[in-house]
Amino acid sequence: MLLEAIYHQPKSQYAYAYDEETLHIRVRTKRGDMDRVAVIWGDKYNFNDETITETPMEVFAQDSLFDYYHAEVKPPHLRFAYAFKFEQGKSVVYYNEVGFSEGKMQSSGVGMLWSPSGMFEFPFLNPIDVNKPPEWVKQAVFYQIFPERFANGDPSLNPPETESWTADAEPTRTNFFGGDLQGVIDHLDYLKNLGITCIYFTPFFEAYSNHKYDTIDYLKVDPQFGTNEKAKELVDEAHKRGIRVMLDAVFNHSGYYFPPFQDVLQNGENSPYKDWFHIKEFPVQTNPPNYHAFAFEPHMPKLNTENPELKEYLLEVARYWVEDIGIDGWRLDVANEVDHRFWRDFRATVKRANPEAYILGEIWHNSLAWLGGDQFDAVMNYPVTNSIIDFFVKNEIDAESFMGRLDQLKIAYPMQANEVAFNLLDSHDTPRLLTIADGNKARMKLAAAFKLTYFGAPCIYYGDEIGMDGGADPGCRKPMIWEEDKQDHELFAFYQRLIELRKNHPALQNGTFRFLSAEKNKGYVAFERTDSQDRFVIMMNSSDKKAKIRTSGFGKAAFRDTATNKKYKTKRGQLNVALPPLSFVILKEQ
């Protein structure tokens, strides 16, 4: 055994409460090193040979170096002391806080009551500490709307020099096309027909720019979009159609024209708002800025969320839009640059207003520090985004690497955080999916199909479903194409069918996920999604050649192609499927 490869950390993503009675325990070993792994556990006040339990662990995830084992345990008294048992051939090694020992567990020093010391512990499963993301997110299909570019429903609100809304319109960093909240209301039935269950809006607070990430007033809808009353109408009309609403907030920085910042510019050290920002010295200058700002952008001064008065204002913003307007969640911009204490108070405020509100952080890297149940429910899953694109769209990694990347993410966070992770393939910050795929619709479909059959909450960027393209900002922010003769109706039907399949089968929402085939130097994968009702096997070929995919371990079983109704049967426990280049099949067990 390679003992140096073994890793476990109590009270982390390796040992956490999944619900109010269940613990998830994980341990890492060298890949392929162990014949059997088990967790040895009991009550920390009564841990002895007669009372402990040995629970086998299963390989939960793999990457090129390691196996990750997982077990689910329900300690009867909510207290949990434990160690690990590793078996390889005739060798047996135990592992606890004291370290490794061959043949039997070791302890050290004086234990509590009549229990030995030296065991790993989960001291008590306190219900208030359990991370409980909203259940509805597991079933959600999100749709991202950039308000200025989705639909113009009230031309009387158009800013000066609004440009014509045409299919060949060219967006710039500064131009306007007149999108507004009434336009969204007018097309809610379109979204319902597509199968959308939640809209994610980029900011619609009052701001100077077309993107609205430079907030002027956090408690007011931008006049070019409508009024607060119109926002309430939009939320109510969406709710009538079973569609929730998530709003983008920028609490890391404000806009240049935010009145408190203007006061600081005018009054310097005498401004009552000088501590609302991170001013390095006075007088304040903007070129170059002598204050902290988002990405060195002087028009986006960073907010000091430790300041009590600013904090009170922002927490009222959080409460108002959830409680008074009725939104169902917050997406938090540049969330990793705001202090953790603010986010803990933010969560408390939001969950008091609506315990089922979804709190989503924009973080592009490992986010475990924000996902302990005291700050965010989930983060935007950019590592999954990049892995899907690299495998299905750019053809830059093989199947084994793809599996390894995704399995690393499975082990990176507690399961409940992964179940509600926000999975996207493009957005207002990136080129559009079809453009990333160089116009190859087959590759676009492969990526979208994987996203819609993977765990976590999928999000569609407005217009992807009708074939819109566009490069990086501002190209990805074109006005939505509403002329039906210029929409890709076949692509719309594709998205519609997969969304309906996902919504009708919980196994595709929060069922188990397991790779069945992901080989080195291969361009195809197979995986299964299962729950107590259904079993799906999804096979996807991202190579330019025909693929014969062989999977085993099924026993006698029959499957049906959910698109064509073609039947497949196992032979000697194997399920073999031939796939054309750049194609996929979703099979449901009969």
Side-chain angles (χ1 to χ4, degrees), residues 7-28 39 41-47 53 55 57 60 68 70-84 96-97 112 115 119-138 315 318-319 322 329-330 332 335-336 338-361 363 366-379 409-422 455-457 510:
Y7 178 79
H8 175 76
Q9 177 64 46
K11 291 286 255 182
S12 72
Q13 76 274 33
Y14 281 82
Y16 61 91
Y18 179 69
D19 58 34
E20 294 185 5
E21 62 178 8
T22 308
L23 298 178
H24 285 177
I25 306 299
R26 299 166 173 177
V27 67
R28 188 190 77 188
V39 57
W41 61 276
D43 192 281
K44 68 176 183 175
Y45 296 122
N46 191 19
F47 194 94
T53 299
T55 297
M57 304 183 75
F60 169 71
Y68 301 89
H70 174 96
E72 185 173 284
V73 177
K74 296 186 178 184
H77 304 293
L78 303 181
R79 301 182 299 258
F80 189 65
Y82 61 104
F84 297 99
N96 59 15
E97 281 196 347
M112 183 172 285
S115 295
M119 301 303 140
F120 293 117
E121 283 195 24
F122 197 100
F124 196 84
L125 202 170
N126 293 288
I128 197 171
D129 291 334
V130 179
N131 186 2
K132 301 175 185 175
E135 281 292 319
W136 64 264
V137 181
K138 297 178 184 178
L315 293 181
R319 184 210 65 80
V322 173
W330 284 107
L332 305 167
N336 55 348
V338 176
D339 68 271
H340 290 278
R341 182 171 294 183
F342 176 83
W343 288 136
R344 293 185 179 103
D345 292 340
F346 174 89
R347 181 182 182 89
T349 299
V350 169
K351 296 294 184 176
R352 275 195 302 268
N354 178 5
E356 288 299 301
Y358 179 48
I359 301 176
L360 174 70
I363 302 180
N366 185 287
S367 308
L368 184 63
W370 291 267
L371 295 175
D374 58 342
Q375 296 171 75
F376 307 154
D377 293 314
V379 292
L409 292 169
K410 283 173 65 177
I411 198 69
Y413 306 132
M415 184 178 293
Q416 60 263 50
N418 278 323
E419 288 174 339
V420 297
F422 191 83
F455 60 80
N510 56 0

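The first residue of the sequence shown is numbered 1, and numbering continues consecutively from there. Below, all heavy atoms of this structure are taken into account, side chains as well, without hydrogens, waters or symmetry copies. Every value quoted in this text rests on a predicted model; they were computed, and no experiment measured them.
Using a 4.5 Å heavy-atom cutoff, the side chains of N366 and Y413 are in contact. The closest side-chain heavy-atom distance from L368 to P414 is below 4.5 Å. By the 4.5 Å heavy-atom criterion applied to side chains, F342 and L315 are counted as neighbours. You'll find the side chain of N418 stays beyond 4.5 Å of the side chain of Q13, heavy atoms only. By the 4.5 Å heavy-atom criterion applied to side chains, I359 and W343 are not counted as neighbours. Contact of the H340 side chain with the Q375 side chain is registered, since non-hydrogen atoms from C-beta on lie closer than 4.5 Å. Contact check for E121 versus P10: no side-chain heavy atoms found under the 4.5 Å cut-off. Taking the side chain as every heavy atom from C-beta outward, R319 and R352 never approach each other to under 4.5 Å.
Judged by distance alone, the side chain of W136 and the main-chain N or O of Y358 form no donor-acceptor pair under 3.5 Å. In this structure, H8 contributes its side chain and R26 its backbone to a donor-acceptor pair below 3.5 Å. Side-chain N or O atoms of E419 include none that pairs as donor or acceptor with a backbone N or O of K138 at under 3.5 Å.
Atom OG1 of T55 and atom NZ of K74 lie 12.5 Å apart (nearest 0.5 Å). Atom OG1 of T349 and atom CH2 of W330 lie 11.5 Å apart (nearest 0.5 Å). Taken from CE in M415 to CZ in F60, the straight-line distance is 4.5 Å, to the nearest 0.5 Å. Rounding to the nearest 0.5 Å places CG of L23 at 13.0 Å from OH of Y18. With rounding to the nearest 0.5 angstrom, the CD1 atom of I128 is 11.0 Å from the CG atom of D374. To the nearest 0.5 angstrom, M57 atom CE is 13.5 Å from Y68 atom OH.
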Are L332 and F346 close enough, and set up right, to give a side chain to side chain contact (heavy atoms under 4.5 Å, CB included), and what steps lead you there? CA-CA 11 Å; L332 305 167; F346 174 89; 3.7 Å; yes
Test side chain to side chain contact (heavy atoms under 4.5 Å, CB included) on N510 and F455 and set out the steps. CA-CA 6 Å; N510 56 0; F455 60 80; over 6 Å; no
Between Y16 and V130, does a side chain to side chain contact (heavy atoms under 4.5 Å, CB included) hold up when you go through it step by step? CA-CA 8 Å; Y16 61 91; V130 179; over 6 Å; no
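What you find for A357 and V350 is that their closest heavy atoms are CB-CG1, 3.6 Å. Among all heavy-atom pairs drawn from V39 and A71, the shortest one is CG1-CB, 4.1 Å. Heavy-atom minimum distance, A318 versus V322: O-CG2, 3.4 Å. Closest non-hydrogen pair, D377 versus K132, comes out as OD1-O, 4.4 Å. Closest approach of H77 to F124, counting heavy atoms only: O-CE1, 3.6 Å. In this structure, G361 and A335 approach most closely via the heavy-atom pair CA-CB, 4.0 Å.
Counting non-hydrogen atoms of other residues, nucleotides and ligands closer than 6.0 Å to CZ of R344 gives a total above 12.
A tilted orientation is assigned to the rings of W41 and F80, their planes being inclined by 30° to 60°.
Taking the ring centroids of F122 and Y82, they lie at or beyond the 6.0 Å cut-off.
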